[in-house]
Amino acid sequence: MNYWLVKSEPDAWSWQQQVASGARGEAWNGVRNHAAKLNLMRMKKGDQAFFYHSNIGKEIVGIVEIVREHYPDPTDKSGKFVCVDVKALKALPKPVTLAAIKADPRFAEMALIKLSRLSVQPVTATDWKALCKMGGL
DNA sequence: GCCAACGTTGGC
DNA sequence: GCCAACGTTGGC
């Protein structure tokens with residue numbers, strides 16, 4: 001199983017909306033960046049991803065599971081981009097803030113820090129476990 | 001194919 | 001609201 005991190009501005013799509021969408025999941029669409037697209041295409045059903053709130057909150061608030069692998073993004077008229085379906089798995093008891101991640105040297109190499117604009121990014125198993133622990137899981 | 005201009009993202 | 005980083009566009 002692989003681990004990922006996906007970002008969303010709560011104004012556009014929040015964790016609360018993700019939870020409300022229920023067990024069937026919801027399309028993670030709107031990605032218009034080729035590096036992010038490549039990561040979407042590498043996601044497998046059953047993989048898990050951190051759900052990160054950018055801009056407002058700037059923290060990891062929960063975990064989602066990939067329930068449908070990549071398919072053409074219906075919101076992309078050019079037909080070049082893809083999306084996946086994700087469902088909310090669980091919330092983090094203690095959201096992990098960007099400030100906390102930045103303050104911890106273990107995470108200095110994370111894409112979240114180094115490639116701050118990448119909206120879909122891989123997370124190593126080591127980082128995943130450490131972040132879950134920080135989040136109270 | 002290079003590169004300047006411009007647009008977007010996202011932290012501060 | 002500003003600005004740095006970075007992707008994309010378009011003139012040459």
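Chain letters run A, B, ... following the sequence lines, proteins first, then strands; residues in each count from 1.
Taking for each of A/S116 and A/R32 the nucleotide of DNA chain C with the nearest heavy atom, the 5'-most of the two is the partner of A/S116.
Note that the first and last nucleotides of DNA chain C, 5' to 3', having any atom under 4.0 angstrom from a heavy atom of chain A are C/dA5 to C/dT8.
Residues A/R32 and A/T75 bring a donor and an acceptor atom of their side chains to less than 3.5 Å of each other. A donor and an acceptor atom, one from each side chain of A/Y3 and A/D127, are nowhere located under 3.5 Å apart.
Between A/W4 and A/Y52, the distance separating the two ring centers is not shorter than 6.0 angstrom.
Qualifying side-chain contact (heavy atoms from CB on, under 4.5 Å) partners for A/E109, counting only residues two or more places apart in sequence or in other chains: A/K114.
In this structure a side-chain-to-backbone donor-acceptor pair under 3.5 Å is present from A/D73 to A/G30.
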